[in-house]
Amino acid sequence: MQIFKTVESLNGYLDGCRERAQSVALVPTMGGLHEGHLSLINKAKECADVVVVSLFVNPTQFASGEDFEQYPQSPGEDIENLQQRQVDALFMPQIADIYPQSQESDYDVGELGQILCGISRPTHFKGVAQVVARFFDIVKPDIAVFGEKDYQQLTIIRELAKRKYNTIKIASVPIIREPDGLAMSTRNNYLSVKERARAPLFYKALREAREELESGADIALAAKRALAALSKSFVVDYVEILDANTLTEITHKSEEIIIISAVRLGGARLIDNIVFRRANV
Ligand code: AMP
């Protein structure tokens with residue numbers, strides 16, 4: 001695996017790939033890698049000749065007072081993991097390489113950025129769209145791979161690609177979970193032993209909501225029950241049941257449903273979702 005710390009050196013490498021007519025997949029990450037990230041890499045390897053992983057904790061997606069300074073980083077371990085997975089190139093830029101002028105973002109992510117996580121993190125998705133666009137401009141990948149765990153982010157990136165990068169294919173992978181059901185996340189490191197033991201109740205409550213919906217419960221009632229169940233163990237940011245394609249209210253046209261939620265547990269903010277095809281709902 002080759003490691004690149006500047007845009008210029010990465011571009012030199014990518015020019016060589018293009019001369020050899022190799023397709024390029026990009027997997028953007030903030031490091032602190034776990035099996036969730038590694039499944040994105042497996043998907044990228046299936047889809048392209050060359051896999052570029054980026055490791056960059058993006059300051060513009062954190063609001064002041066959020067965990068930018070404490071975000072768990074383990075570059076040594078990450079490099080070892082990526083080498084083992086035979087990733088071709090690792091891009092580890094500095095903030096000044098990604099934002100040479102200023103960190104100001106004028107990306108308008110529209111209504112999609114204002115709902116769900118956008119309510120408590122109003123500038124977050126603007127920062128995400130900004131950094132993803134920057135990586136797309138630098139790497140110019142044929143395909144970019146994202147996780148369904150960050151479902152709202154994935155929806156926003158699909159929109160961004162449709163509007164501004166329609167040659168880049170966006171691929172996604174399902175949520176990778178711990179054996180007890182907790183969605184893997186770098187931020188799970190913030191949980192104490194006691195909190196970690198309680199954390200699987202998050203996915204359990206979402207599963208129960210799905211079961212209720214599948215056995216005919218009314219959507220509003222299932223959402224209310226999920227909120228009540230989650231509130232016993234967590235501080236609930238939101239839990240909603242929506243059309244999975246549009247993240248808007250379910251209509252008779254909705255084909256897939258998402259139960260999507262964010263909760264706080266101690267110092268950690270956890271997000272999770274379940275997407276399923278509409279049958280009797
Ligand atoms: P992050 O490093 O947290 O910004 O995540 C980088 C990418 O990995 C994003 O596309 C995430 O959606 C994805 N990802 C993180 N955790 C998981 C998981 N448990 N399962 C699947 N994808 C994940």
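A quick note: this is a predicted structure, and the numbers were derived from the prediction, not measured. As the structure lists them, so they are numbered: ligands from 1, and atoms in each ligand from 1.
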Novice: Pairs under 3.5 angstrom only: tabulate donor-acceptor contacts from the side chains of residues 232-242 to other protein residues two or more places apart or in another chain.
Specialist:
{"from": "D237", "atom 1": "OD2", "to": "S120", "atom 2": "OG", "distance (Å)": "2.7"}
{"from": "D237", "atom 1": "OD2", "to": "R269", "atom 2": "NE", "distance (Å)": "3.3"}
{"from": "D237", "atom 1": "OD2", "to": "R269", "atom 2": "NH2", "distance (Å)": "2.8"}

Novice: May I ask you to check whether over 12 heavy atoms, not counting those of E77, lie within 6.0 Å of atom CD?
Specialist: no
Novice: Exactly which residues line ligand 1, taking a heavy atom under 4.0 Å from it as the test?
Specialist: P28, T29, M30, H34, G36, H37, L40, Y71, F146, G147, K149, D150, Q153, P174, I175, I176, M184
Novice: Can you pull the side-chain hydrogen bond (donor to acceptor under 3.5 Å, both in side chains) pairs that have at least one residue in residues 139-148, sequence neighbours excluded?
Specialist: E148-S172
Novice: Taking the six-membered ring of Y99 as reference, does the cationic atom of R134 (NZ for Lys, CZ for Arg) lie under 6.0 Å from its centre and within 45° of its axis?
Specialist: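 That pair does not qualify as a cation-pi contact.
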Novice: Name all pairs fulfilling the ring pair (Phe, Tyr, Trp, His ring centres under 6.0 Å) condition that reach into residues 155-178, sequence neighbours left out, sorted by first residue then second.
Specialist: F136-Y165
Novice: Can you find a pair of side-chain heavy atoms, one from L213 and one from I219, that are under 4.5 Å apart?
Specialist: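 Yes, side chains in contact.
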